[in-house]
Amino acid sequence: MPKWSASACRARIAIAAEAGVSPGSLYQFFANKEAIAAALAGRFVTQMREAHEAALLGTPVSTLDWPEVVDRTVEPILAFNVANPGFKALFARPDMPPGLAAAAEPIQAALLGRVESVIAAKAPGLTAQERTRTARVAIQIFQAMLPMALAAAPDERPAVIAELKKVLYRYLSALSP
């Protein structure tokens with residue numbers, strides 16, 4: 001049986017509780033913790049794609065201004081992180097073991113692809129390399145401010161989210177002529 005860290009044990013217990021099975025019986029469904037992580041990653045990719053599609057539903061991104069793009073996308077991503085508190089703990093850690101890092105790769109690729117597609121629609125003159133770099137920076141800005149937004153008191157959270165949006169808007173609006 002694989003060795004589980006304390007945080008992985010808590011995650012395994014939470015997964016088992018959500019599934020309505022005992023933690024030990026998870027191995028009947030998953031060969032190892034990497035298989036559990038891969039299944040969770042697939043679920044998260046689907047949820048993120050659905051949130052992104054709902055945020056921009058029915059409107060070509062190229063017709064929106066940057067403040068509207070930022071407003072429409074930040075809220076669903078924040079809501080996703082609130083609804084999935086284990087997401088960041090499992091898939092956004094810098095010290096992630098190689099097996100879990102491999103499971104997280106589809107999540108990172110899907111998120112990067114979504115942000116790149118928005119940037120391509122809004123700034124079609126950028127090269128692929130510039131789009132990727134810009135998307136990575138925007139994602140890092142969001143991830144850096146996410147803990148602050150999530151930890152803010154309920155009456156302070158809207159102000160913190162407004163600051164996050166302001167930073168993203170100012171960074172991204174420099175792309176447009």
Side-chain angles (χ1 to χ4, degrees), residues 5-15 17-18 37 40-57 59 61 64-97 100-123 126 130-176:
S5 68
S7 63
C9 284
R10 285 190 299 274
R12 183 176 67 142
I13 291 167
I15 292 166
E18 181 72 22
L40 283 172
R43 180 176 167 192
F44 288 144
V45 166
T46 299
Q47 289 175 349
M48 284 190 331
R49 183 186 69 245
E50 290 168 355
H52 182 265
E53 288 170 356
L56 299 171
L57 186 64
T59 307
V61 174
L64 302 173
D65 61 12
W66 276 115
E68 192 167 3
V69 170
V70 170
D71 281 344
R72 285 183 174 210
T73 55
V74 165
E75 298 290 341
I77 296 170
L78 283 168
F80 171 84
N81 279 275
V82 169
N84 297 286
F87 171 75
K88 186 172 169 87
L90 287 173
F91 295 110
R93 294 178 17 211
D95 64 338
M96 202 174 335
L100 295 181
E105 195 170 302
I107 296 171
Q108 302 301 330
L111 180 58
L112 182 63
R114 294 277 177 197
V115 175
E116 283 180 321
S117 71
V118 168
I119 292 168
K122 295 295 301 160
L126 293 180
E130 290 168 327
R131 270 193 316 271
T132 299
R133 183 183 323 106
T134 302
R136 288 184 189 281
V137 170
I139 290 167
Q140 286 297 313
I141 290 168
F142 182 89
Q143 289 177 337
M145 289 191 67
L146 180 63
M148 183 179 176
L150 296 177
D155 61 329
E156 178 66 10
R157 185 177 284 175
V160 173
I161 293 170
E163 292 298 316
L164 167 60
K165 289 178 178 181
K166 191 185 312 180
V167 170
L168 286 171
Y169 164 67
R170 290 205 172 128
Y171 174 66
L172 294 169
S173 65
L175 301 174
S176 301

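Basis for what follows: all heavy atoms, side chains included, without hydrogens, waters or symmetry-related copies.
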Sequence-distant partners of Asp71, side-chain contact (heavy atoms from CB on, under 4.5 Å), two or more places apart: Lys165
Taking side chain to side chain donor-acceptor pair (under 3.5 Å) as the test, write out the residues that go with Thr132, two or more places apart. Glu116
Minimum side-chain heavy-atom gap Arg72-Thr59 below 4.5 Å: yes
side-chain contact (heavy atoms from CB on, under 4.5 Å) involving Ala149 - partner list, sequence neighbours excluded: Leu78, Val160, Ile161
Pairwise distance CD1(Ile141) to CG(Leu172) - rounded to 0.5 angstrom: 7.0 Å
Qualifying residues under side-chain contact (heavy atoms from CB on, under 4.5 Å), relative to Ile139, sequence neighbours excluded: Leu111, Leu112, Val115, Gln143
Is Tyr169 atom OH crowded by more than 12 heavy atoms from other residues, nucleotides or ligands, each under 6.0 Å away? no
Salt bridge (Lys or Arg N to Asp or Glu O under 4.0 Å) involving Glu130 - partner list, sequence neighbours excluded: none
Tell me which pairs pass salt bridge (charged side-chain N to carboxylate O under 4.0 Å, His left out) where either residue lies in residues 139-160, with sequence neighbours left out. none
Distance col, row Glu68:CD vs Thr73:OG1, nearest 0.5 angstrom, shows 10.5 Å
Residues that Pro158 engages under side-chain contact (heavy atoms from CB on, under 4.5 Å), provided they are two or more places apart: none
All pairs passing salt bridge (charged side-chain N to carboxylate O under 4.0 Å, His left out) where residues 131-140 contributes a residue, at least two apart: none
